[in-house]
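Along the sequence shown, the residues carry numbers beginning at 1. FYI, side chains are in, hydrogens and waters are out, and symmetry mates aren't considered; it's all heavy atoms of this structure.
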Amino acid sequence: MTLAMMGSLPSEVRRVRNSGFVRLAIAALAAVALVGCASPNKYRAPVEDRAVTNRPAGSTATAPNGAASSTVAAALPTDTKVLPGAENAGKPGFYTVKPGDTLIRVGLETGQNWKDIIKWNNLDNPNVIEVGQVLRVTAPGADPNAVATRGVTSSKLETRPLDAPKAQPAAASGTAPVPTPVAVAPPSATLPTPPAPREGDDDINWLWPATGPVVGAFDETRTKGLAIAGKAGDPVMAAADGKVVYAGSGLRGYGNLVILKHNNTYLTAYAHNQALLVKEEQTVKRGQKIAEMGATDAERVQLHFEIRKQGKPVDPARILPPR
């Protein structure tokens, strides 16, 4: 059909013929697209499967058709870090490091000398411990469930007869008086039973560490000790015989701090001092001045005093003698 003849066709007929050309063009484009899909994969853009790369290590990735892909799972990286001592987590005599812990705090929480903890765990850098790390807090070979109460220093008791005779005055004539015979109790005689010690004494002769009034009561979870008021420079005294296991300001919230170890059961802590008068490893006696009261890391001058029994805070008011 010539163009002239097409021009003379009605408009409806021309629309039908044009639509046939459009269909033919669409079919040609579809064929081109199919050829492109059959081209080699080396020209395709790389695709990152985020669902697989972000999957936890050890899990099995699933292919689009639902089949498990063991090859992908084996190739996943393992980011889990095994911390030192993890195999001892939860065992008696071991401590798992928590956020904010330092070795000084670990020692206070477990009733141990922080230097012993360094030695027992062979720590190269005592300033670096990791959350989740498990530390030995009892001596190797020691029974962690055994409680020893032998004091750090022992003092000998002086014994003398209760009814010793008094010296008789010399007679005027100069004759020496005849001594009055003293009855000696047989070895099997039973001595009077001493009064029962107050709760938690465990043979320790306790003393109040400061003379001021108590202005803050004990709370096991918050205060963990008593607040004793006073003036700056007032004496802070050792509450019992012991050894200084820490003297410094490295424990946040305690200011200038002294920690005494009295035996394998008890520690005492003296915080917020303005001056420390003792050094680590020094042996001190009950009532000895070990610091001067102050307000370091505190809002007012006070002594924060703690008693720890195997690391657990106990109420000093139930252990110290009545005032």
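Across I118 and P126, no two heavy atoms sit closer than the pair CD1-CB, 3.4 Å. Among all heavy-atom pairs drawn from A232 and Q274, the shortest one is CB-OE1, 3.7 Å. Taking all atoms of both residues into account, the shortest heavy-atom contact from A240 to I204 is CB-CG2, 3.5 Å. Nearest approach of E292 to L277, heavy atoms of both residues: CG-CD1, 4.4 Å. Contact record, M237 with G287: CG-O, 3.6 Å, taken as the closest heavy-atom pair. Of all the heavy atoms in L276 and G248, the pair that sits closest is CD1-N, 3.4 Å.
Residues satisfying the side chain to side chain donor-acceptor pair (under 3.5 Å) test with D219, not counting sequence neighbours, are T221. When the salt bridge (Lys or Arg N to Asp or Glu O under 4.0 Å) test is applied to K231, the partners found at least two apart in sequence or on another chain are D234.
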Listed pairs under 3.5 Å, donor-acceptor, residues 99-109 side chains, sequence neighbours left out:
| from | atom 1 | to | atom 2 | distance (Å) |
| --- | --- | --- | --- | --- |
| D101 | OD2 | Y95 | OH | 2.7 |
| D101 | OD2 | K98 | N | 2.8 |
| T102 | OG1 | R105 | N | 3.2 |
| R105 | NH2 | R252 | O | 3.4 |
| E109 | OE1 | R308 | NH1 | 3.4 |

Quiz: residues 85-92 side-chain donor-acceptor pairs under 3.5 angstrom, not counting sequence neighbours:
| from | atom 1 | to | atom 2 | distance (Å) |
| --- | --- | --- | --- | --- |
| N88 | OD1 | K91 | NZ | 3.3 |

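Side-chain contact between L303 and P209 is present, with heavy atoms from C-beta onward closer than 4.5 Å. Side-chain contact between H272 and N256 is absent, with no heavy-atom pair separated by less than 4.5 Å. Contact of the N273 side chain with the L257 side chain is not registered, since no non-hydrogen atoms from C-beta on lie closer than 4.5 Å. Using a 4.5 Å heavy-atom threshold, the side chains of I228 and V215 count as separate. In this structure, V137 and F94 have side chains that are not in contact, with every pair of non-hydrogen atoms separated by 4.5 Å or more. Considering only heavy atoms from C-beta on, K243 stays 4.5 Å or farther from Q282 through its side chain. Under the 4.5 Å side-chain criterion, counting only non-hydrogen atoms from C-beta, W208 is in contact with V214. The shortest side-chain heavy-atom distance between V244 and L260 falls under the 4.5 Å cut-off.
Here K261 contributes atom NZ and T268 contributes atom OG1; the two are 11.0 Å apart, rounded to the nearest 0.5 Å. We find the CG-CH2 distance between L135 and W114 to be 13.5 Å, quoted to the nearest 0.5 Å. Separating the CG atom in N127 from the CG atom in N125 is a distance of 5.0 Å, to the nearest 0.5 Å. I319 CD1 to W206 CH2: the interatomic distance, rounded to the nearest 0.5 Å, is 6.0 Å.
A side-chain contact (heavy atoms from CB on, under 4.5 Å) with V134 is found for exactly one of V97, T96, N121, namely T96.
Taking a 6.0 Å sphere around NZ of K289, one finds it holds more than 12 heavy atoms contributed by other residues, nucleotides or ligands. Residue D124 places its CG atom among 12 or fewer non-hydrogen atoms of other residues, nucleotides or ligands, all under 6.0 Å distant. Other residues, nucleotides and ligands place more than 12 heavy atoms under 6.0 Å from the CZ atom of R323.
Residue L226 is not grouped with residue Y254 when hydrophobic side chains (ILVMFWY) are merged at heavy-atom distances under 4.5 angstrom, including chains of intermediate members. Hydrophobic clustering (side-chain heavy atoms under 4.5 Å, transitive across Ile, Leu, Val, Met, Phe, Trp, Tyr) keeps L207 apart from V278. At a threshold of 4.5 Å between side-chain heavy atoms, the hydrophobic network of Ile, Leu, Val, Met, Phe, Trp and Tyr places I307 and V245 in two separate groups. Cluster membership for M293 and V284, using ILVMFWY side-chain heavy atoms within less than 4.5 angstrom, is shared.
Evaluation of the side chain to side chain donor-acceptor pair (under 3.5 Å) test over residues 129-140, restricted to residues two or more places apart or in two chains, returns K81-E130. Legend: side chain to side chain donor-acceptor pair (under 3.5 Å) pairs involving residues 295-305, not counting sequence neighbours, sorted by first then second residue: H304-E306.
Using bins of under 30°, 30° to 60° and over 60° for the plane-to-plane angle, the ring pair Y270/F305 lands in the tilted bin.
The pair D241-K285 meets the salt-bridge criterion, since a charged nitrogen lies less than 4.0 angstrom from a carboxylate oxygen. Note on E280 versus K115: salt bridge recorded, some NZ/NE/NH1/NH2 to OD/OE distance being below 4.0 Å.
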Might you work through the side chain to side chain contact (heavy atoms under 4.5 Å, CB included) test for F218 and R318, ending with a clear yes or no? CA-CA 10 Å; F218 170 82; R318 298 179 63 87; over 6 Å; no
Carefully, step by step, assess I117 and T110 under the rule side chain to side chain contact (heavy atoms under 4.5 Å, CB included). CA-CA 10 Å; I117 296 175; T110 59; 4.1 Å; yes
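The main-chain N or O of A217 is found under 3.5 Å from a side-chain atom of T223 such that the two form a donor-acceptor pair.
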